[in-house]
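Only one structure is covered here, and it is reproduced in the block below.
As the structure is a computational prediction, the values presented were derived from the model and not from experiment.
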Amino acid sequence: MSVYVDDMRAKFGRLVMCHMLADTDAELHAMADRIGVARRWWQSPEKTSGSHYDIALSKRALAVQSGAIEITWRQASAMNARRRVCGELGPPETALAWLIEHREKQRRANALQTGPADPPAPCASAPLTNALVPVA
């Protein structure tokens with residue numbers, strides 16, 4: 001079981017924020033308590049894409065000192081997607097490859113369900129032609 005902090009750098013007022021996520025909510029809340037992040041800052045799965053805290057970089061440094069694993073924001077995003085599908089974050093090392101494979105499987109499944117695509121509708125900017133009247 002692990003806690004992760006990503007390398008996102010989002011400005012929030014005077015602060016710069018990143019994400020902290022964990023394999024379980026118990027671990028996530030325990031780390032938040034350890035580094036001094038109030039529970040009211042928890043972003044629950046019902047309200048967001050996955051259970052996490054947005055934390056300031058100073059709290060990120062404390063989390064890393066307390067054992068959190070540093071990951072990229074892309075890994076965090078892919079891990080959250082895997083959690084929505086599989087119920088667990090999984091290892092960050094395989095998260096991006098998992099997401100690419102998952103999306104490809106979705107595309108193939110959708111292609112099988114819909115069959116060949118309909119021809120695209122004409123663009124508004126394309127000249128319309130009448131088969132009976134030649135266009136000059």
When clusters are formed by joining ILVMFWY residues with side-chain heavy atoms under 4.5 Å apart, either directly or through shared neighbours, do [X] and [Y] land in the same one?
{"X": "Ile35", "Y": "Ile69", "answer": "no"}
{"X": "Val5", "Y": "Leu57", "answer": "no"}
{"X": "Met17", "Y": "Val37", "answer": "no"}
{"X": "Trp73", "Y": "Leu99", "answer": "no"}
{"X": "Ile71", "Y": "Val64", "answer": "no"}

Would you say the side chain of [Y] lies within less than 4.5 Å of the side chain of [X], judging by non-hydrogen atoms?
{"X": "Arg39", "Y": "Asp33", "value": "yes"}
{"X": "Pro91", "Y": "Arg82", "value": "yes"}
{"X": "Glu104", "Y": "Ile100", "value": "no"}

[X] versus [Y], closest heavy-atom pair with distance:
{"X": "Ser51", "Y": "Trp42", "answer": "OG-NE1, 2.8 Å"}
{"X": "Ala22", "Y": "Tyr4", "answer": "CA-CD1, 4.5 Å"}
{"X": "Ala63", "Y": "Met31", "answer": "O-CE, 3.9 Å"}
{"X": "Ala78", "Y": "Ala95", "answer": "CB-O, 3.5 Å"}
{"X": "Met20", "Y": "Ile55", "answer": "CB-CD1, 3.9 Å"}
{"X": "Pro92", "Y": "Gln75", "answer": "O-NE2, 3.1 Å"}

query: For Tyr53, which of His29, Gln43, His19 qualifies under side-chain hydrogen bond (donor to acceptor under 3.5 Å, both in side chains)?
result: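 Only one option passes, and that is His29.
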Rounded to the nearest 0.5 Å, what separation is found between the [atom1] atom of [X] and the [atom2] atom of [Y]?
{"X": "Arg103", "Y": "Trp98", "atom1": "CZ", "atom2": "CH2", "answer": "9.0 Å"}
{"X": "Gln106", "Y": "Arg108", "atom1": "CD", "atom2": "CZ", "answer": "11.0 Å"}
{"X": "Arg9", "Y": "Arg60", "atom1": "CZ", "atom2": "CZ", "answer": "5.0 Å"}

message: Looking at Glu27 and Ser2, would you say the former's side chain and the latter's main chain have a donor-acceptor pair under 3.5 Å?
response: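 Present.
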message: Take a 6.0 Å sphere around CZ of Arg34 and say whether it holds more than 12 heavy atoms from other residues, nucleotides or ligands.
response: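 Yes - once you tally the heavy atoms of other residues, nucleotides and ligands closer than 6.0 Å, there are more than 12.
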- prompt: Any chance CZ of Arg84 has more than 12 other-residue heavy atoms, nucleotides or ligands included, within less than 6.0 Å?
  reply: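 Check passes, neighbour count above 12.
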field: Distance-only polar pair, side chains of Arg83 and Asn80, donor-acceptor under 3.5 Å
entry: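 Per modelled atom types, Arg83 and Asn80 side chains form a pair under 3.5 Å.
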